[in-house]
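Throughout, a chain's letter reflects where its sequence line sits, starting with A, and its residues are numbered from 1.
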Amino acid sequence: MSTSPRPPGCPGSDDLSAAVDGSLPEELALHLETCVACQRDLATLRRIDRAVRARLAPPEGLSERIRQRVRESASVASSATAGWWLSPVVRLAAAVVITAAAVAVLTRLLQSGTAPGDNLVIEQEALPGTGAPTFKTVSTDPNGSAAEVAAGARTPRSLPGAVRHVWTVGNAAEKRDRLQAMLPKGSYDVGTADGNLVFTVRLTDRELQTLVDRLAADSAWQLASPELPQPRKPGSVALTGHDVRYSLVLVDSGVR
Amino acid sequence: MTTEMSNETASHEDRELIDKFKGGETWAFDKLVDKYSGRAYQIAYGILGNRQDAEEVAQDVFIRIHRALPKFRGESEFTTWMYRIAMNLARNKYRWNKSRGSQRNLSIDAPLDGTDDPDAKRLDVVEGRLSPDEKVSLDELEKRALEELDNLPELYRQALMLRNVDELSYEQISDLLGCKLGTIKSRIARARDELRKRLEV
């Protein structure tokens, strides 16, 4: 890759580069007035920059897509933390499902001879914004509450771009080692927050569901957070293979 | 309007938008996205070299900003904060791609002087080809420049790309890359010089 060295008196590459960026000292400006080779070189450098800027041009519709993603992620986040009921999409689905579940529970009760109202408190409420009435049931049904039945029939949601889970473990240092053994080297960051270890790793949503299932299968790990993905709930997450940034907070329960 | 004045105006506008957003006006966040989504994308693209990853990172940047903005105290400029988030997320994704043996990162371990290194892996490039837009708007020299850009060693390519991100100063680049100002200037100068030489053939 050799070209003839620059003639004496011509600026070096550092000066030419600075000239592209608009910093042109007077002696260089004077030199450029008469030196054709430098004029040509400077022109080439400017065209290189022009090409780079063209390559960097953001795609059409980027801003709209980002705004949309932020809205989606904000609604999932709020529904996960404040309660599953708040997201409008989920409310409608839940309304259908819980109504069906309530009917199923009622039917079972009726068939067993128990009068409705003995064991069940059924409230009909219209959730704000949807206008669709739902049945909210609280029951002492030994076969599992209607709410659990309803939860199992939840519409699958895809995961947001970032998920944060708090896990309570008996011995955080030991669990940290185990986790490090499970994850590919260099694929994760470890930090601390409020004295707890935090792992940050990027996985596909499928890998994340598997990881959560595996951790939860170990009785020493307790998932404290309600956000998806939850362990052993196939069908609750729509797996698309997209990347998720997973923050795993290890809280030491002190129990050995 | 001089650069200093326009930066001040932009910074003032950002503070106002953030205040409005904190006050519950969600449209203010949309305005911030409109204003800066391109820059977040460009920073990510500079590190990652492919559009899909760059867009995903840009999305994650604003998702993260949206969550954290209520607590943003404005001690630093919004842009400084946003650039750092973009850089961190881009780097994370870059490391993740690498750790999975992914060929998505645009990276070639070729020494700058062009000697052939038999151990250098030439990874398949996701975007060595010109986009339809580029084919139309660039002339032959510029097209060749982009091909040669992809062949530059990573550190040089990244530095030159970041220099061409809108409004990103040398100081900001050196801050984001964690390098001295002189190092960055010299890297950019060498990248330009090398590309110029390769285009002379």
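Put simply, of A:Arg71, A:Arg53, A:Gln68, A:Arg67, the one with the most heavy-atom pairs under 4.5 Å next to chain B is A:Arg67. With respect to chain A, the highest number of heavy-atom pairs below 4.5 Å among B:Leu160, B:Thr26, B:Val33 belongs to B:Val33. Heavy-atom pairs under 4.5 Å with chain B peak, among A:Leu56, A:Ile66, A:Ile48, at A:Leu56. Between chain A and the residues B:Leu141, B:Val165, B:Leu89, B:Asn92, the largest count of heavy-atom pairs under 4.5 Å involves B:Leu141. Note: B:Arg64 leads B:Lys185, B:Lys35, B:Arg64, B:Glu148 in heavy-atom pairs under 4.5 Å with chain A. Among A:Val201, A:Asp189, A:Thr200, the residue making the largest number of heavy-atom pairs under 4.5 Å with chain B is A:Asp189.
Contacts of residues 19-33 of chain A with chain B at a heavy-atom distance below 4.5 Å involve A:Val20, A:Asp21, listed in sequence order.
The heavy-atom pair separating B:Gly38 from A:Pro58 by the smallest distance is CA-CG, 3.6 Å. Closest of all the heavy-atom pairs between A:Ala57 and B:Tyr41 is O-CE2, 3.9 Å. Residue B:Ala189 comes nearest to A:Ser13 through the heavy atom pair CB-O, 3.9 Å, listed as atom of the first residue, atom of the second, then distance. Taking each heavy atom of A:Ala54 and B:Leu138 in turn, the nearest pair found is CB-CD2, 3.9 Å.
Around CZ of A:Arg164, the count of heavy atoms belonging to other residues, nucleotides or ligands within 6.0 Å does not exceed 12. In the displayed structure, A:Arg178 atom CZ is contacted under 6.0 Å by more than 12 heavy atoms of other residues, nucleotides or ligands.
Heavy atoms of B:Val61 lying under 4.5 Å from chain A are absent altogether. Looking at B:Leu149, only its side chain comes within 4.5 Å of chain A, counting heavy atoms on both sides. Using a 4.5 Å cut-off between heavy atoms, A:Asp15 does not touch chain B at all. Only the side chain of B:Asp139 has a heavy atom closer than 4.5 Å to any heavy atom of chain A. No part of B:Tyr36 comes within reach of chain A, as not one of its non-hydrogen atoms sits under 4.5 angstrom from that chain. Contacts of B:Arg39 with chain A are absent, with no heavy-atom separation under 4.5 Å from either backbone or side chain. B:Ile188 touches chain A through backbone and side chain together, each having a heavy atom under 4.5 Å away. Contact annotation for A:Arg46: neither backbone nor side-chain heavy atoms come within less than 4.5 Å of a heavy atom of chain B. B:Ala145 touches chain A through its side chain: at least one heavy atom from C-beta onward sits under 4.5 Å away, while N, CA, C and O do not.
One distance of note links CD of B:Gln59 with OG of A:Ser73; it measures 10.0 Å at 0.5 Å rounding. One finds the CD atom of B:Glu56 at 5.5 Å from the CG atom of A:Asp243 (value rounded to the nearest 0.5 Å). Between atom CZ of residue A:Arg69 and atom CG of residue B:Asp60 there is a gap of 7.0 Å, rounded to the nearest 0.5 Å. Note that CG of B:Leu199 is 11.0 Å distant from CG of A:Asp41, once rounded to the nearest 0.5 Å.
Qualifying side chain to side chain donor-acceptor pair (under 3.5 Å) partners for A:Arg50, counting only residues two or more places apart in sequence or in other chains: B:Glu142.
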Where do A:Arg40 and B:Glu200 land on the side chain to side chain contact (heavy atoms under 4.5 Å, CB included) test, with the steps shown first? CA-CA 11 Å; A:Arg40 185 198 61 214; B:Glu200 271 170 16; 4.3 Å; yes

Can you list the steps and then say if A:Arg55 with B:Asp150 is a salt bridge (charged side-chain N to carboxylate O under 4.0 Å, His left out)? CA-CA 11 Å; A:Arg55 172 59 50 93; B:Asp150 291 346; 3.5 Å; yes

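Counting only heavy atoms from C-beta outward, the side chains of B:Arg192 and A:Asp49 approach each other to under 4.5 Å.
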